[in-house]
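Let me begin by presenting the structure, written as structure tokens, before commenting on it.
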Amino acid sequence: APRCASDQGRAALQAEKLAHGTLETPWRCILPHFFVNVHTEYLTGDLNMLAAVCHGRKDLRIEPIPDRPLAPDEVRVAVAYGGICGSDLHYYHRGAVGDFTVREPLVLGHEISGAVLEWGSAVTGLARGMKAALDPSRPCLRCAYCRAGRINLCTDMWFLGSAGRFPHSQGGFSQHLVLRQDQGIPVPPDTDLLHLSVAEPLSVALHAVQRAGPLTQRRVMVSGSGPIGLLTARAASLAGAMEVLCTDIEDAPLAVARAHMGATRTANVAREPEALAPFEKEGAQFDVVFECSGSPAGLAAAFRVLRRGGR
């Protein structure tokens, strides 16, 4: 049952695994029984749940936290899986992401999937147990950008698991989560919820590939082979790129890029600093470069290998 995580020794082990990126969510193993157990708790009036809570640098705890009643336009979901983003690791290791500093206990997590538990009085079209991709963004729907249809530029955005505002926007590494109805995107019942937890980072890759324009028979380089880079490589390959070169400073992600993500070649630029030199000749070689490393060196290299008029 979900309550097994309340054991202090087990909770400590789970927190350590979560901090090092080896655990999706502490309760994923009990998913087949999870919906019934959580809903039973609500029927008895218990609004507590377990969550992965960051209290500051190197201070991550699995502990009970209160939930809240639903507003008319909200849905409560049972969280099935959560991917650990780089921002989650920064909050754990540094207690901050950039200048977003943890100033109160913060539930981490925003790459999540789950299933519907219950819904508010104004919500229609849902059924208990319905699987859903969960959008971590909650735009205000009132500002000028939202009214113009550009909700990604909302001036009053709430984003799961972020210390970018105060009080913080609590995240999704919890047993259940309250979202506005439009944040849940129903999916077919045979959808793998583990795979679905990658929907949010995958959307980043798909958006990037879409903005790059047609990739059929194009030569593409992806700088940085973390999760975003790997997903971008796969999306570019499926979009018709004839060549996809992935770079990184570690061999492990490059092996994944070759084996599973459509890379036609890879380069470890830490071990071979001149690996990209051949692609800089004759006015550069690549039609499109996706910079996914966040590294100044990676960005500088992108301009050296990108042909004139490239993207």
Side-chain angles (χ1 to χ4, degrees), residues 21 83-90 93-94 96-100 110-111 136-137 150 152-153 159 162 164 198-311:
I84 300 173
C85 180
S87 62
D88 298 315
L89 294 177
H90 277 292
H93 287 293
R94 297 180 48 241
V97 173
D99 59 357
F100 295 169
H110 58 267
E111 301 174 5
S137 301
R150 306 191 70 185
N152 59 306
L153 301 179
F159 192 87
S162 172
V198 187
E200 193 268 348
L202 176 61
S203 71
V204 175
L206 294 176
H207 180 64
V209 167
Q210 183 181 49
R211 288 184 62 86
L215 294 185
T216 303
Q217 295 301 300
R218 299 296 181 91
R219 303 185 70 188
V220 171
M221 187 180 89
V222 178
S223 175
S225 296
I228 297 296
L230 291 173
L231 290 168
T232 301
R234 183 62 172 159
S237 176
L238 292 174
M242 69 174 181
E243 180 178 356
V244 178
L245 167 66
C246 290
T247 70
D248 205 85
I249 59 174
E250 300 285 347
D251 287 329
L254 295 177
V256 174
R258 292 190 300 270
H260 303 291
M261 308 308 282
T264 55
R265 64 173 74 186
T266 58
N268 185 323
V269 293
R271 189 176 61 247
E272 302 176 62
E274 300 302 315
L276 297 181
F279 303 106
E280 300 176 19
K281 299 177 180 178
E282 299 178 4
Q285 301 287 309
F286 290 98
D287 302 295
V288 177
V289 176
F290 296 98
E291 208 307 290
C292 303
S293 72
S295 160
L299 181 60
F303 289 106
R304 294 196 298 271
V305 301
L306 184 65
R307 68 167 178 79
R308 293 190 180 190
R311 304 192 71 175

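Numbers here simply count residues along the sequence, with the first being 1.
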Flag the pair R271 / D251 as yes when at least one side-chain heavy-atom distance between them is below 4.5 Å, and no otherwise. yes
When you compare the side chain of V209 with that of V288, does any pair of heavy atoms fall below 4.5 Å? no
Between L276 and V269, is any pair of side-chain heavy atoms under 4.5 Å apart? yes
Taking S237 for the side chain and A233 for the main chain, is one N or O donor matched with an acceptor at less than 3.5 Å? no
For S293 versus G298, what's the shortest heavy-atom pair and its separation? OG-CA, 4.1 Å
Give the minimum heavy-atom separation between I228 and A205, together with the two atoms involved. O-CB, 4.4 Å
Side-chain donor or acceptor of T266 paired with backbone N/O of T247 under 3.5 Å: no
Report yes if some heavy atom in the side chain of P227 is under 4.5 Å from a heavy atom in the side chain of P201; otherwise report no. no
State whether the side chain of E291 and the backbone N or O of G294 hold a donor-acceptor pair below 3.5 Å, judged by distance alone. yes
Would M261 and V244 count as a side chain to side chain contact (heavy atoms under 4.5 Å, CB included) here? Give the steps. CA-CA 10 Å; M261 308 308 282; V244 178; over 6 Å; no
Sidechain-backbone polar pair: D248 side chain, L254 backbone, donor-acceptor under 3.5 Å: no
In the structure I gave you, are the side-chain heavy atoms of V305 and Q285 within less than 4.5 Å of one another anywhere? no
More than 12 non-hydrogen atoms from neighbouring residues, nucleotides or ligands closer than 6.0 Å to CZ on R94, yes or no? yes
Check whether any side-chain heavy atom of M221 lies under 4.5 Å from a side-chain heavy atom of F279, and answer yes or no. no
We want to know whether T264 and E243 form a side-chain donor-acceptor pair, criterion being a heavy-atom distance below 3.5 angstrom. no
A212 versus F290, closest heavy-atom pair with distance: CB-CZ, 3.7 Å
Looking only at atom types and distance, does a side-chain atom of R218 sit under 3.5 Å from a main-chain N or O of A236, one as donor and one as acceptor? no
I249 atom CD1: more than 12 heavy-atom contacts under 6.0 Å: no
Are side-chain heavy atoms of V220 and D287 found at a separation under 4.5 Å? no
Do other residues, nucleotides or ligands put more than 12 heavy atoms under 6.0 Å from E272 CD? yes
So do the side chains of P136 and E200 get within less than 4.5 Å of each other, counting heavy atoms only? yes
